[in-house]
Amino acid sequence: GSSEAELEQRLFNVLHSLNSAVALIDDPNERAQLLALNLRGGMRAKSASALATAVTLLRHGKALLAADSWQVNPEQTLLLYCELAEAEYLAGGFEQAEALYPGGVAAAPGAIAKVTLCLVQVDQYLITGRFADSLPVLRQALELLGRAFPASDAEAAALFPAEFAATEAKLASRVEAELLTAPEMQAPEVLLAMRVHLGVSYAAYQIGRFNTFVLNASRMVQATLDHGQCDVTPVAYVAYLTQQVITSSGISIVFAIPAAFLIAGLLGLILEVTLIQWMYKRPLDTLLATVGVALILQQLARDLFGAQGD
């Protein structure tokens with residue numbers, strides 16, 4: 001009967017002993033307890049960058065999963081899959097991580113669990129520079145959430161004018177005070193969709209998918225207007241309003257979209273260096289400041305070029 005503090009202090013020694021004798025443990029409750037300890041130890045090792053140890057412990061944990069683990073304990077099973085996949089690719093085991101995704105996504109119950117695991121795969125692709133490979137996974141995630149997204153940049157270009165008009169109509173129906181005081185986004189599916197859209201924004205930017213980038217920005221803004229603000233709302237506003245400033249000037253859309261694409265990145269960098277980095281511990285202030293800048297840009301566009309349709 002070790003205390004919790006003693007167990008925490010001796011956790012890795014305990015796990016070494018128990019995992020060495022795992023073949024002798026056949027009681028389902030004891031195996032479940034050992035699974036939980038391996039998950040705990042693996043997460044602790046991963047947070048300390050002891051990746052080889054983390055991989056070993058999390059693999060032990062996965063081996064202890066019951067056949068019906070996704071049904072009986074879906075939260076723990078999802079956490080184990082996510083932690084193991086991250087530990088694998090951070091340790092250089094890219095193929096081992098990729099082997100986890102298809103089965104995990106197929107077995108996970110519900111869209112939220114499936115998309116959460118998709119996002120781990122996307123993170124692996126983004127940090128290894130596989131931007132083009134990440135887009136099909138991001139599209140799959142959006143489809144799981146009921147938000148179909150075009151597969152090609154040409155399809156995105158065809159959809160963008162109508163999407164832009166719909167976004168403009170929603171923005172025109174709100175006064176500036178409503179945008180600044182919009183409630184916090186609460187719906188889990190929408191919050192997850194915004195994370196997916198953020199991945200689309202980054203991947204599209206990196207590989208020059210200009211139309212995908214601006215269509216995605218419009219959809220992010222619409223989600224914000226429909227469901228409230230979240231921590232990635234500033235990305236949507238900066239990208240969207242940069243495009244708005246350029247298209248309002250009368251420049252051809254052929255040149256406007258790439259220009260918006262590049263200027264959005266520059267504006268984001270300027271905002272980060274001059275404003276956002278000083279507010280990391282105050283997320284609400286960060287959001288308000290960025291929306292304020294967005295409103296200034298929007299008003300500047302209207303003052304210089306007139307409102308859309310004038």
Side-chain angles (χ1 to χ4, degrees), residues 135 138-139 142-143 145-183 185 187 189-190 193-194 196-205 208-230 232-265 267-268 290-310:
L135 285 173
L138 290 160
R139 285 185 60 246
L142 288 171
E143 288 176 2
L145 294 168
R147 296 167 177 263
F149 199 88
S152 71
D153 211 43
E155 292 175 283
L159 292 173
F160 175 69
E163 203 80 39
F164 178 71
T167 310
E168 284 290 283
K170 287 186 177 183
L171 283 169
S173 69
R174 313 289 177 91
V175 298
E176 294 176 1
E178 288 181 281
L179 297 179
L180 286 170
T181 59
M185 191 178 290
E189 294 86 354
V190 183
M194 290 293 279
V196 178
H197 281 298
L198 180 62
V200 173
S201 180
Y202 184 67
Y205 185 91
R209 293 275 292 265
F210 306 125
N211 298 297
T212 297
F213 182 84
V214 294
L215 176 69
N216 185 67
S218 290
R219 293 190 175 179
M220 290 179 77
V221 170
Q222 288 194 51
T224 294
L225 294 173
D226 291 339
H227 301 282
Q229 313 272 9
C230 70
V232 299
T233 293
V235 177
Y237 276 130
V238 170
Y240 180 81
L241 289 173
T242 304
Q243 182 274 336
Q244 184 188 49
V245 168
I246 295 174
T247 54
S248 296
S249 69
I251 299 174
S252 167
I253 192 70
V254 173
F255 301 103
I257 290 178
F261 185 77
L262 296 173
I263 295 174
L267 282 175
T290 312
V291 173
V293 171
L295 291 173
I296 292 171
L297 286 173
Q298 185 179 44
Q299 190 58 52
L300 179 63
R302 288 173 175 167
D303 290 345
L304 290 175
F305 309 114
Q308 294 288 317
D310 287 354

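For reference, positions follow the sequence shown, starting with 1.
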Measure across [X] and [Y] and return the closest heavy-atom pair with its distance rounded to 0.1 Å.
| X | Y | value |
| --- | --- | --- |
| Ala203 | Leu135 | CB-CD2, 3.9 Å |
| Phe149 | Arg139 | O-NE, 2.9 Å |
| Leu159 | Pro150 | CD1-CG, 3.9 Å |
| Arg174 | Leu225 | NH2-O, 2.9 Å |
| Ser173 | Glu178 | O-OE1, 3.9 Å |
| Gly228 | Thr233 | O-OG1, 4.4 Å |

The test is side chain to side chain contact (heavy atoms under 4.5 Å, CB included); show your working for Met194 and His227 and say whether it passes. CA-CA 11 Å; Met194 290 293 279; His227 301 282; over 6 Å; no
So, taking the atom named [atom1] in [X] and the one named [atom2] in [Y], what distance separates them when rounded to the nearest 0.5 Å?
| X | Y | atom1 | atom2 | value |
| --- | --- | --- | --- | --- |
| Leu138 | Tyr202 | CG | OH | 12.5 Å |
| Gln222 | Thr167 | CD | OG1 | 3.5 Å |
| Met220 | Cys230 | CE | SG | 7.0 Å |
| Phe213 | Phe160 | CZ | CZ | 11.0 Å |
| Arg219 | Thr224 | CZ | OG1 | 14.5 Å |

Run the side chain to side chain contact (heavy atoms under 4.5 Å, CB included) check on Phe164 and Val214 step by step: do they pass? CA-CA 9 Å; Phe164 178 71; Val214 294; over 6 Å; no
Are the side chain of [X] and the backbone of [Y] linked by a donor-acceptor contact shorter than 3.5 Å?
| X | Y | result |
| --- | --- | --- |
| Asn216 | Val200 | no |
| Asp153 | Asn211 | yes |
| Ser201 | His197 | no |

I would like to know whether Met185 and Asp226 meet side chain to side chain contact (heavy atoms under 4.5 Å, CB included); could you show each step before the answer? CA-CA 9 Å; Met185 191 178 290; Asp226 291 339; over 6 Å; no
Answer yes or no: is there an ion pair linking Glu143 with Arg147, defined by an N-O contact shorter than 4.0 Å? no
